[in-house]
Amino acid sequence: MLDPNPRVSPFDVNMAVDAGFQHIIPYTNVGMDEVLGLTQDAIFSRGPTGVKATGLFIGGRDPWLALDMVAEARKSMVPPFEMAVFADPSGGFTTAAGLVAVVAEQMQEAGLKGGLDGTKVAIFGGTGPVGLVSAVLAADAGAEVVVVSHRSAEAAAKHTAVLKERYGIDTIPGDGSSESSRAKILKDVHAVMSTAKAGIQILSNKELCAAPELLVAADVNAVPPLGLEGVGVSDRGKILEGTVRGARGVGALAVGDVKYRTQNRLFQDMLAGDGTLDLEFRAAMKRAMELLG
Ligand SMILES: NC(=O)c1ccc[n+]([C@@H]2O[C@H](COP(=O)([O-])OP(=O)(O)OC[C@H]3O[C@@H](n4cnc5c(N)ncnc54)[C@H](OP(=O)(O)O)[C@@H]3O)[C@@H](O)[C@H]2O)c1
């Protein structure tokens, strides 16, 4: 496990063990300049067959750095000395996949057969790792996406520019700094995703009830106070009373269940593969959708 930060997450260590990895070796404070050397030392020590039973997990906080490290690791391999690489910084890739998959499921439950396709989605707390990756995945699914910062639209725009540069995706920067600016965002969105820092209420029940088009309200924060007032931590489709169109609530534990199973599956994919797999958030999304059937 390579991590640019001082610690690898015990969550990821446990997940890897439970998926079947027998030895977990953490390398911390890893810089980009060290990825090549660490990768090559890992692959060349085990032979072309043995290397398939070795995998590289990349953690940290920064999704873009993690993806760059995946690319660097892959570039450093010399076929047939190849091993699977899986990135899930801050759990953000599997959490975003779980979130977007369950929201798409709930859109279908609400009668939209195309899931998120053709809908408009606002992601509050959208500038963090979970929010930004959710923005890409929701856009992949055909949604028009507003990335909201509680500071200002300008703060959000710095991040939407990165999404444009990296993925060619047009997302809309949103200003979540006041009740009136949030009301402007909420006036035409079909889904709200709350991916802000844990333990902060992002939208009140009154704000949710005033959103005229709202069909799904999903929160990933399990730490009270929850992100969306009135959406319970275990809700998965429970109707949010008082909302104009009977919006369906999705809570953090419902997302967490899919996230957990997705991450477990991706670790198993690493072990089962031929060493050429690069597993990042789009692979996580594919697995999450499969898990939901
Ligand atoms: N359910 C699960 O399975 C699961 C798994 C992993 C993580 N999580 C949860 O996912 C959420 C997102 O994780 P993350 O690592 O992406 O979060 P993060 O980086 O800690 O925060 C995300 C964003 O929250 C916004 N924010 C910070 N302070 C705020 C405030 N006072 N009011 C409103 N917004 C504020 C910030 O954006 P701006 O300053 O631009 O507004 C920040 O970029 C967390 O709640 C985490 O606990 C859930």
Side-chain angles (χ1 to χ4, degrees), residues 3-5 7 9-12 14-15 59-66 87-103 122-138 145-163 171-179 181-182 185 192-204 207 217-229 231-236 249-266 281 284-285 287-288 291:
D3 203 308
N5 291 342
R7 298 276 180 273
S9 162
F11 189 103
D12 298 324
N14 291 345
M15 292 295 298
R61 282 280 304 152
D62 180 334
W64 317 134
L65 176 59
D88 198 11
S90 240
F93 291 1
T94 48
T95 303
L99 171 66
V100 175
V102 177
V103 170
I123 307 181
F124 289 80
T127 62
V130 175
L132 289 168
V133 173
S134 300
V136 178
L137 292 175
V145 179
V146 188
V147 175
V148 185
S149 168
H150 86 299
R151 285 170 286 146
S152 62
E154 290 69 34
K158 290 194 184 124
H159 294 275
T160 55
V162 175
L163 299 184
T171 51
I172 304 161
D175 174 10
S177 64
S178 68
E179 197 169 329
S181 65
R182 292 193 293 272
I185 294 166
V192 160
M193 298 181 192
S194 173
T195 60
K197 191 172 154 186
I200 299 168
Q201 184 180 296
I202 299 303
L203 292 172
S204 68
E207 289 176 289
D219 183 20
V220 292
N221 163 31
V223 182
L226 301 180
L228 302 177
E229 190 184 19
V231 177
V233 79
S234 300
D235 289 356
R236 183 160 172 177
V250 173
L253 297 189
V255 173
D257 171 61
V258 181
K259 175 241 166 19
Y260 171 87
R261 289 189 288 139
T262 300
Q263 189 172 359
N264 175 272
R265 190 58 212 253
L266 292 175
F281 59 81
M285 186 68 198
R287 279 296 185 211
L291 285 170

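Atoms within each ligand, like the ligands themselves, are counted from 1 in listed order.
Counting heavy atoms under 4.0 Å from ligand 1, residue I202 touches it through the side chain alone.
Looking at H150, R61, K259, R151 and measuring to atom 26 (N) of ligand 1, the nearest heavy atom belongs to H150. By heavy-atom distance, the residue among V130, T127, V255, T95 lying nearest atom 37 (O) of ligand 1 is T127. Counting only non-hydrogen atoms, the option in A198, G128, A196 that gets closest to atom 11 (C) of ligand 1 is A196.
Remark: of the listed residues L253, D257, V250, L253 is the sole one forming a side chain to side chain contact (heavy atoms under 4.5 Å, CB included) with S234.
Of the possible donor and acceptor atoms, none in the side chain of N5 sits under 3.5 Å from a partner among the backbone N and O of R7. In terms of modelled atom types and a separation under 3.5 Å, the side chain of N221 and the main chain of G199 share a donor-acceptor contact.
Once rounded to the nearest 0.5 Å, the distance linking CD of E229 with CD1 of I202 reads 12.5 Å. For the atom pair CZ of F93 and OG1 of T262, the computed distance is 14.0 Å after rounding to the nearest 0.5 Å.
Using a 4.0 Å cut-off to heavy atoms of N221, the atoms of ligand 1 that qualify are 45 (O). Applying the 4.0 Å criterion to heavy atoms of G256 picks out, from ligand 1, the atoms 3 (O). Close approach to I200 involves these atoms of ligand 1, each under 4.0 Å from a residue heavy atom: 28 (N), 29 (C), 30 (C), 31 (N), 32 (N).
Protein heavy atom nearest atom 14 (P) of ligand 1, with residue, atom name and distance: P129 CD, 3.8 Å. The shortest contact between atom 24 (O) of ligand 1 and any protein heavy atom is with K197 N, 3.0 Å. Scanning the protein for heavy atoms near atom 8 (N) of ligand 1, the closest one is V220 O, 3.9 Å. Of the protein's non-hydrogen atoms, T195 O, 3.1 Å is the one closest to atom 12 (C) of ligand 1.
A side-chain N or O of D12 and one of Q263 form a donor-acceptor pair less than 3.5 Å apart.
Taking 4.0 Å as the cut-off, A222 does not count as a neighbour of ligand 1 on heavy-atom distance.
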